[in-house]
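We're numbering straight along the sequence, starting at 1.
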Amino acid sequence: MDSLTHIVLGACIGEAFAGKQVGKKALFWGALMQSAPDIDFISSFWLNPVNDLLAHRGFTHSFLFIILITPLMALIAERIHRPHDISLKKWLLFFGTEMLVHVLLDAMNAYGTGWLEPFSHHRFGFHFLFVADPLFSIWPGIAFVALLIMKRDNREARLKWVKASIALSMIYLGFGVVSKTATDREVKQIAARHGIQYNRYLSTPTPLNNVLWYVIMEDTAGYHLGYRSFFDRDTGMQFTYFPRNAQLLEPVKDEEDTHRLIRFSQGYYTVERWDSTLVFNDLRFGQMIGWNNPDARFVFHYFLQNPEDNELVIQRGRFSNWNKEAMLSLLRRMRGDKNQ
């Protein structure tokens with residue numbers, strides 16, 4: 001999830017754990033510890049873009065990292081706040097919970113999270129939330145502001161804000177699970193009627209919502225892509241086919257960056273030529289306003305022969321070409337209106 005979500009959610013959890021004992025300092029500790037796994041951002045200062053992609057949400061998002069860092073930070077906090085009536089066990093539970101929530105939430109979207117690093121490079125991703133979803137984040141955000149304003153001794157009211165905000169975010173996440181499950185079932189039924197054969201299936205939310213889903217169905221040579229809303233009521237769906245074009249990788253097949261990109265994409269990739277430039281697309285991150293244009297370019301596009309042009313390789317395409325009309329078209333498509 002985005003950094004702001006981790007900060008405000010971490011602060012709310014911090015209030016629940018230690019607000020009674022250390023007051024508003026609990027907000028700071030909660031925000032700090034839930035943000036701790038994102039310390040991997042510093043690797044971008046010395047790694048090239050491809051290695052940075054694999055470093056992010058790697059070891060610092062693993063269970064081993066949590067096990068190693070939690071006791072160290074708990075001992076530091078316990079010493080800083082002496083004298084106090086918080087046991088070391090509670091500090092451990094507090095900080096461990098914060099980091100565990102972080103890595104669990106990060107596994108809810110498309111990037112993938114290395115829970116088992118360094119023993120396994122498998123990335124876990126469940127595709128229930130977009131990386132920045134305002135309807136998930138707004139509730140702990142409002143509670144965070146309220147907690148900053150309210151007096152420390154108003155304990156009962158402060159806890160009500162925390163419980164309500166976390167409950168509303170969890171309800172929204174639960175709706176995402178229902179929305180995805182129902183939509184996947186419908187898409188697979190439609191694909192069967194179209195006679196589409198596939199080896200792997202993936203669906204992930206489009207930006208800022210968990211109602212409109214972007215779908216990938218992989219066969220031996222490429223991918224059928226489409227969009228379906230939880231609120232679509234017809235039984236039709238448009239699929240667009242993209243060939244993998246793996247043969248285009250021949251000039252760079254022996255380069256380490258090529259192998260790392262394929263690993264990062266979990267095999268969901270296509271290769272294209274843009275004029276004379278060879279481009280690697282990771283399909284998991286979707287298309288640029290693809291619900292309007294099924295032939296749109298992909299959000300994640302890496303210039304294989306010009307690695308110096310790949311700064312912010314994911315972020316640069318995420319909201320490319322967005323404007324008021326693009327936002328309105330997303331809202332229309334979310335509610336089931338296919339007449340764009």
- request: Examine the side chains of Asp106 and His61 and answer whether a donor and an acceptor come within less than 3.5 Å of each other.
  value: yes
field: Whether Thr70 side chain and Ile67 backbone form a donor-acceptor pair below 3.5 Å
entry: no
query: For Glu78, what residues pass the salt bridge (charged side-chain N to carboxylate O under 4.0 Å, His left out) criterion, not counting sequence neighbours?
result: Arg82
task: Would you please name every residue forming a side-chain contact (heavy atoms from CB on, under 4.5 Å) with Asp85, sequence neighbours left out?
output: Gln21
message: Ignoring hydrogens and geometry beyond distance, is a side-chain donor-acceptor pair present between Asn245 and Thr270 at under 3.5 Å?
response: no
message: Please enumerate all residues that pass side-chain contact (heavy atoms from CB on, under 4.5 Å) together with Asp184, with sequence neighbours excluded.
response: Lys180, Tyr201, Ser203
task: Please write out which residues are connected to Ile149 in a hydrophobic cluster, directly or through intermediates, given that two of Ile, Leu, Val, Met, Phe, Trp, Tyr count as joined at side-chain heavy-atom separations below 4.5 angstrom.
output: Val145
- request: Supply the atom-to-atom distance Asp257 CG to Tyr302 OH, rounded to the nearest 0.5 angstrom.
  value: 4.5 Å
Those residues that, when tested against Tyr214, pass side chain to side chain donor-acceptor pair (under 3.5 Å) (two or more places apart): none
- prompt: Sub-3.5 Å donor-acceptor pair from the side chain of Thr5 to the main-chain atoms of Met1, do we have one?
  reply: no
query: Any side-chain donor paired with an acceptor under 3.5 Å for Ser329 and Asn292?
result: yes
Set of residues satisfying ring pair (Phe, Tyr, Trp, His ring centres under 6.0 Å) with respect to Phe119, sequence neighbours excluded: none
statement: Heavy-atom closest pair (Arg158 atom, Arg152 atom, distance to 0.1 Å) is CD-O, 3.7 Å
query: Can you list every pair that meets side-chain hydrogen bond (donor to acceptor under 3.5 Å, both in side chains) and has a residue in residues 24-33, with sequence neighbours left out?
result: Trp29-His81
- prompt: Residues two or more places apart in sequence or in another chain: which of them pass side-chain contact (heavy atoms from CB on, under 4.5 Å) with His56?
  reply: Asp38, Asp40, Tyr111
field: Pairing residues for Tyr223 by the ring pair (Phe, Tyr, Trp, His ring centres under 6.0 Å) criterion, not counting sequence neighbours
entry: none
field: Under 3.5 Å: donor-acceptor pair, side chain of Asn210, backbone of Tyr172
entry: yes
query: So, Gln34 versus His6: side-chain donor-acceptor pair below 3.5 Å or not?
result: yes
message: Could you work out, with salt bridge (charged side-chain N to carboxylate O under 4.0 Å, His left out) as the rule, every residue matching Arg228, not counting sequence neighbours?
response: Glu186, Asp232, Asp234
message: Please report the interatomic distance CG(Asp2) to CG(Leu129), rounded to the nearest 0.5 Å.
response: 10.5 Å
task: Name all residues meeting the ring pair (Phe, Tyr, Trp, His ring centres under 6.0 Å) criterion together with His259; count only those two or more places apart in sequence or in a different chain, and write none if there are none.
output: none
query: CG/Leu100 to OG1/Thr97 distance, rounded to the nearest 0.5 angstrom?
result: 7.0 Å
message: Phe144: which residues meet the ring pair (Phe, Tyr, Trp, His ring centres under 6.0 Å) condition with it, sequence neighbours left out?
response: none
